[in-house]
Amino acid sequence: MAASAAGMARGETGVNGVTLSGIVVRYGEVTALDRVSLDVRKGEMFLLLGPSGCGKSTLLRAVAGFAALESGSVSIGGRIVNDVPPHLRNTGMVFQNYALFPHLTAAENVAFGLRSRGVPEAERESRVKDALRMVGLEGLGGRKPGELSGGQQQRVALARALVIRPEVLLLDEPLSNLDARLRMEMREEIRHIHRSTGITTLYVTHDQREAMALADRIAVLDRGRVVATGAPEELYYDPPNRFAASFLGDMNMVEGRLSGDGQVETPFGTVRCARVGPAAGRTGGRLRLFCRPECVRLLPPDAPAPAEGEAIQVSGVVAARAFQGDHCVFSVRIATGETWIATTASPRKIHFREKDAVACRVNAEDMAELRDG
Ligand code: ADP
């Protein structure tokens, strides 16, 4: 695939970091990966997102060479590596449970991959030192894993993967064993390390916030298949299907009908909505619009109706309200009996409480067609 001009401007070379072509991996009766194709650009931070059991770890293992392919191919740097054993693929992997050797010190753990690659001692020492410094563990190389906190052990695992200067870094839920604050801290460090090294990175998570915060691009997996690929904002606001839409966050839906002039008639008003597939041949056809909770504006119940075409508006009653500090989440029972979710920033200025009557307004530009169910 040719690199786009914008991609080139961001420093992408157009050379693929990792390419998967139609790969199938089975464990007995279970099809863990079902004809998966992906192009990860060189230097990209690429997130694999999906529920437990959808095949994320298997995908990483296929890249590392630990999962046998039934069909398809894996290329790294433009070279097919199907027949290259794991230790010759030049990938560095970090596991969720760290997988450190408990009897070795942090420095010895980090040095392990260098030793097995025959790197001379003097160079080994300086590279281990550099790697430990990169992950913020300078001076702690003499400690054994049992003398380090969970976060520090995770850093050792990261240093061990980085020290071999891999062409591809594979991170399997690297933060899931850490508490919320450490997770944020390590997330920033991983982002920083990625920026400074430029290593092509595949990162597995089931946490959509982590994925959106870190990713250049995300692939959403469902039952062994890639169902959506794109940049975080693109996937969040314009997902190609309902599974990806709901996995990335809460949403509200409204049924509509496409009229001849490209407007969508809904029970709550008619909108001219740009993010709807071509109207040709579909006039009169039913479709579904969706919007994210932060696009719903809560207004007093007697708010005047919006101008025709510009927004939809529906009355409702606040069923629940959850103050979250920096924002507030409202569940609103709307006129049809369905529940809409609305989030609003600046909670100190919020006047609506449970059982209050409200009007929910969504502007046309904040709605998109939700295809595929
Ligand atoms: P995820 O990382 O998304 O949680 P996995 O890649 O671990 O998913 O697993 C994908 C599917 O393959 C699941 O149904 C899982 O139970 C199955 N699976 C994974 N590893 C094995 C294995 N070693 N033996 C049998 N089934 C496996």
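When a residue number appears, it is its place in the shown sequence, counting from 1. Both ligands and their constituent atoms are indexed starting at 1 by order of listing.
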Quiz prompt | For Leu289, the option from Leu370, Asn252, Asp366, Val264 that meets side chain to side chain contact (heavy atoms under 4.5 Å, CB included) | solution = Val264

Tabulating one pair per line, provide the atom names and distances (0.1 Å) for every N/O atom of ligand 1 that is less than 3.5 Å from a protein N/O atom.
from     : atom 1 : to    : atom 2 : distance (Å)
ligand 1 : 2 (O)  : Ser57 : N      : 2.9
ligand 1 : 2 (O)  : Ser57 : OG     : 2.8
ligand 1 : 3 (O)  : Gly53 : N      : 3.4
ligand 1 : 3 (O)  : Cys54 : N      : 3.1
ligand 1 : 3 (O)  : Gly55 : N      : 3.0
ligand 1 : 3 (O)  : Lys56 : N      : 3.0
ligand 1 : 3 (O)  : Lys56 : NZ     : 2.9
ligand 1 : 4 (O)  : Gly53 : N      : 2.7
ligand 1 : 6 (O)  : Thr58 : N      : 2.9
ligand 1 : 6 (O)  : Thr58 : OG1    : 2.5
ligand 1 : 8 (O)  : Gly55 : N      : 3.2

Scan the side chains in residues 291-308 for donor-acceptor partners under 3.5 Å anywhere in the protein, sequence neighbours excluded, and list what turns up.
from   : atom 1 : to     : atom 2 : distance (Å)
Arg292 : NE     : Tyr236 : O      : 2.8
Arg292 : NH1    : Ala245 : O      : 3.0
Arg292 : NH1    : Gly249 : O      : 3.0
Arg292 : NH1    : Asp250 : O      : 3.0
Arg292 : NH2    : Tyr236 : O      : 2.9
Arg292 : NH2    : Ala245 : O      : 3.0
Glu294 : OE1    : Tyr236 : OH     : 3.2
Glu294 : OE2    : Tyr236 : OH     : 3.0
Glu294 : OE2    : Tyr237 : OH     : 2.8

Quiz item: Which ILVMFWY residues can you reach from Ile80 by hopping between side chains whose heavy atoms are under 4.5 Å apart?
Solution: none

Quiz item: Are the aromatic ring centres of Tyr203 and Phe46 under 6.0 angstrom apart?
Solution: no

Practice problem: Taking salt bridge (Lys or Arg N to Asp or Glu O under 4.0 Å) as the test, write out the residues that go with Glu255, two or more places apart. | Solution: Arg288

Self-check item: Donor-acceptor side-chain pairing of Ser176 and Gln96 below 3.5 angstrom
Solution: yes

